[in-house]
Amino acid sequence: MATNKLNGILLDCGYRIGENGNSVIQLYVSDERSIRLIEDNSFSPYFYVVSKDPQKTLHALEGHVFGEGARALRAELSPKENAPNAIKVYFKNPQELVRAREAIEGVEGVYERREYDIPFTERYLIDKCMHPMAGVEIEEKDGNVVKINPREIKRDLRLVALDLETYSPGRFSDARLDPILMCVLSAQGGSKVYTYKKTMAKEAIVLSDEKEMLERVFSDLRSMSPDVLVTYNGDSFDMPYIKERCERLKVKCDFGFGPVKVVHRGMYNSAEISGTQHLDAYALIKFMARIGAVSLVKFDIENVSEKLFGKYKEKLLHTDINGLWDKGDIDRIVKYNREDGEVTLQLAKEFLPLQIQLASMLRQTLFETSRASSSQMVEQLLIIRSFDRDNLIPNRPGEAEVTQRSLQTYEGGFVRSPLPGLHENIAVLDFRSLHPTIMISHNISPETMRCSHDECKSGENVSPDGDWFCMKRKGFLSGILEEILKDRIELKRKVKLMEKGTQEYKMLNARQHALKILLNSHYGYLGYPRSRWYSRESARAVTAWSRHYIQQAMEKAEKDGYTVLYGDTDSMLLLIPNGKNEEDVRIFMEKVNDELPDAMELEFDGMYRRGIFVTKREGGAAKKKYALIDFRGNLKIVGFEYVRRDWAIVAKETQRQVIEAVLKEGDPAKAVALTKGMIKRLKEGKVPKAELVIMTMLKRRIDKYESIGPHVAAAKKAIARGKDIDVGSVLGFVVTKKNGKSISEKAELEEYVAEGNYDADYYIEHQILPAVLNIMQELGYDKQDLISGGKQSSLSSFM
DNA sequence: GCGGACTGCTTACCT
DNA sequence: ACAGGTAAGCAGTCCGCG
């Protein structure tokens with residue numbers, strides 16, 4: 001009777017196949033010193049079938065062989081509220097399950113298979129209600145886990161960042177040929193750089209060659225026993241690279257608990273290391289950018305360091321690294337490598353609290369959570385809640401169904417045409433979490449839709465699009481959202497009272513942030529063609545109500561004497577008339593809130609001193625483009641060329657200055673002067689290349705374009721010169737002096753263009769003037785005013 | 001055969 | 001690889017002209 005108890009942080013879950021072919025779950029638990037393994041023989045993989053005749057199906061399953069000897073371990077009736085004839089079918093191991101699920105529909109009575117694609121280890125964590133990255137006490141007896149208790153664990157995670165520098169002789173490093181030159185390990189206590197050339201750098205450990213270096217890195221890493229190993233783009237670069245080098249050099253690629261597994265997931269890779277959590281800070285920061293939690297345009301580590309931490313970091317190009325290495329002068333490479341490690345570590349520290357909360361809430365390892373899209377997070381949450389209430393999970397749609405769904409669209413949010421021109425004294429109001437609060441208020445959820453009760457399908461309960469949702473029972477999604485919203489409001493209340501920067505504060509704040517992410521992702525998930533809980537009608541009802549509420553709020557504002565300048569989906573900009581002030585706006589807002597459902601709330605965003613809306617190039621008021629200035633002089637520029645990466649800096653910066661001159665100083669004459677100045681500089685050929693670069697993403701393979709725009713043409717020319725360009729890379733090109741009919745013919749990637757080689761006429765006519773004119777035209781200026789002579793000021797008496 | 005008008009493709013933005 | 005709504009540039013084609 002062997003018993004075993006483990007206390008610590010639950011890091012990972014894996015499995016192995018036992019001697020008899022049974023699957024054995026492996027749990028990795030980290031304590032103060034190391035990471036320990038505990039095994040569970042008592043859990044078998046399973047899925048469900050729904051049968052027309054359960055008894056017959058049960059009988060047919062007995063002894064049924066699915067191919068290659070795969071058979072059901074056992075099967076049992078497992079009636080669910082949403083599937084009374086469900087049968088749970090267990091298997092020896094996931095491999096047999098996979099064989100069986102392909103053939104199960106041939107078994108008598110079976111008309112549907114369910115939950116057949118939940119990975120085994122993920123299934124375990126869900127079913128056992130386990131919380132990765134949280135404290136746990138696990139009791140095991142004779143190879144079976146018998147008890148799992150949550151435990152409060154208060155200690156910092158052991159984080160180690162790893163980063164490689166590699167040799168790249170005139171091409172991108174190739175792991176089959178080019179050695180690793182250097183490797184940094186950064187941890188709480190500091191950084192060590194491993195290399196094999198002489199250096200004065202104190203942080204360096206100099207070994208005799210690459211092989212010895214790698215062996216030393218692995219042995220040091222194992223003794224550090226990191227809970228989380230962090231890289232920057234390690235999924236696609238460092239991990240596959242180190243793995244390949246290890247194979248070539250016959251070094252055991254062993255981080256402590258076994259090999260690195262590089263998985264190709266659609267367009268991306270992921271590198272999984274069992275027993276520790278490999279966190280790719282690059283993947284993480286991309287996710288934060290997608291959800292709008294950080295705003296970055298470039299994602300190289302230097303830019304990230306500067307924008308996020310205000311820390312300048314010198315960038316070494318791969319040619320520099322090669323040159324210095326060949327010269328034997330590697331001190332600068334050591335510094336560069338160390339800083340890469342340190343920034344990577346800092347990034348992990350910054351975003352780990354949020355990821356830990358998500359992992360714990362979603363019963364998913366940090367590895368999975370940190371690579372999940374927001375739709376995957378929502379789906380995971382719904383799967384958990386479905387399991388907890390003993391319901392069967394809907395299947396994923398097949399490709400044909402996905403295509404069908406993609407063709408069906410629905411109307412979105414309401415965008416009000418703005419009142420073009422310059423305005424003063426503006427209030428901005430918006431609905432707090434509009435979509436989720438609508439879902440809560442109207443009980444919107446796929447299964448409550450169009451219920452049969454007469455009371456539900458009449459009157460106020462029917463959406464403007466004619467859909468209704470049951471009033472008698474709480475919807476699945478809407479119920480979850482209601483809980484999340486309630487929990488988040490409570491957490492925010494607590495956090496507000498706490499001292500900032502404490503461990504507890506960071507934890508709770510991260511928790512409310514995690515809830516916010518989940519809250520805001522449900523609506524999109526409803527309309528996402530690949531989702532299990534897809535419901536176009538539900539999504540449509542959400543937007544139908546959203547249009548109703550924002551328009552109603554606008555009408556109320558107008559009745560109260562405000563002019564609605566603009567509004568988009570959940571927001572409205574109000575012109576405050578003379579005699580009214582912020583206090584009046586707040587009173588108005590409260591009045592609206594009193595008439596709104598409980599969960600819904602109109603919020604006060606701020607007051608602005610001036611704002612400008614413009615006219616479209618082809619006439620009519622331009623939506624999604626405006627600029628505001630508050631009473632402290634802060635500009636808020638929305639949708640204009642200034643915020644777009646596919647405009648040259650020279651145009652963007654001129655536009656910003658023009659907006660500033662107009663909004664801040666009320667001085668259009670200054671705007672004219674500075675535009676003329678910039679045009680002059682352009683004509684004189686004085687503008688540096690860096691200000692002329694236009695950034696555009698190559699969104700597909702170069703041969704997949706039917707229309708060859710400038711960025712595609714520039715890419716083609718670069719490829720002809722031997723450059724490698726990946727899909728998804730953001731290209732910078734310049735419009736050169738070269739003769740040609742089209743812009744495309746004149747466009748070249750920045751790196752092939754000499755300073756001064758630019759088409760001044762293009763930058764004046766197609767960059768500066770369009771960017772400036774749409775603003776100046778609102779003030780009564782025209783093109784003639786901005787080029788050469790012209791009138792200096794024609795502004796009416798507005799200022 | 002020319003040039004402007006128009007359309008479709010493409011990207012990046014907003015909420 | 002969560003949704004729809006929108007502006008705008010450029011390439012390429014259409015169209016009227018007479």
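Proteins get letters first, then strands, A, B, ... in listed order; numbering begins at 1 in each. Keep in mind it's a predicted model, so treat the numbers as computed, not measured.
- At least one side-chain nitrogen or oxygen of Ser744(A) sits closer than 4.0 Å to the OP1 or OP2 atom of dA11(C).
- Listed pair His766(A) / dC10(C) meets the phosphate criterion, a side-chain N or O lying under 4.0 Å from OP1 or OP2.
- OP1 or OP2 of dT6(C) sits under 4.0 Å from a side-chain N or O of Lys623(A).
- Between Arg617(A) and dA8(C) there is a side-chain polar atom (N or O) within less than 4.0 angstrom of OP1 or OP2.
- Counted by atom type alone, Ser478(A) and Asn443(A) present one or more donor-acceptor pairs between their side chains at under 3.5 Å.
- Between Arg700(A) and the phosphate of dT10(B), there is a side-chain N or O to OP1/OP2 separation shorter than 4.0 Å.
- Looking at Glu751(A) and Lys689(A), no side-chain N of the basic residue comes within less than 4.0 Å of a carboxylate O on the acidic one, giving no salt bridge.
- Distances shorter than 4.0 Å separate some side-chain N or O of Lys625(A) from OP1 or OP2 on dA8(C).
- The side chain of Ser707(A) places no N or O atom within less than 4.0 Å of a non-bridging phosphate oxygen (OP1 or OP2) of dA11(C).
- Between Tyr762(A) and dG9(C) there is no side-chain polar atom (N or O) within less than 4.0 angstrom of OP1 or OP2.
- What separates CD of Gln408(A) from C1' of dG4(C) is a distance of 15 Å, to the nearest Å.
- Put simply, Tyr705(A) has a side-chain N or O that comes within less than 4.0 Å of OP1 or OP2 on dT11(B).
- Checking the phosphate oxygens (OP1, OP2) of dC2(C), a side-chain nitrogen or oxygen of Ser373(A) falls inside 4.0 Å.
- With respect to the salt-bridge test (charged N to carboxylate O, under 4.0 angstrom), the residues Asp465(A) and Arg540(A) qualify.
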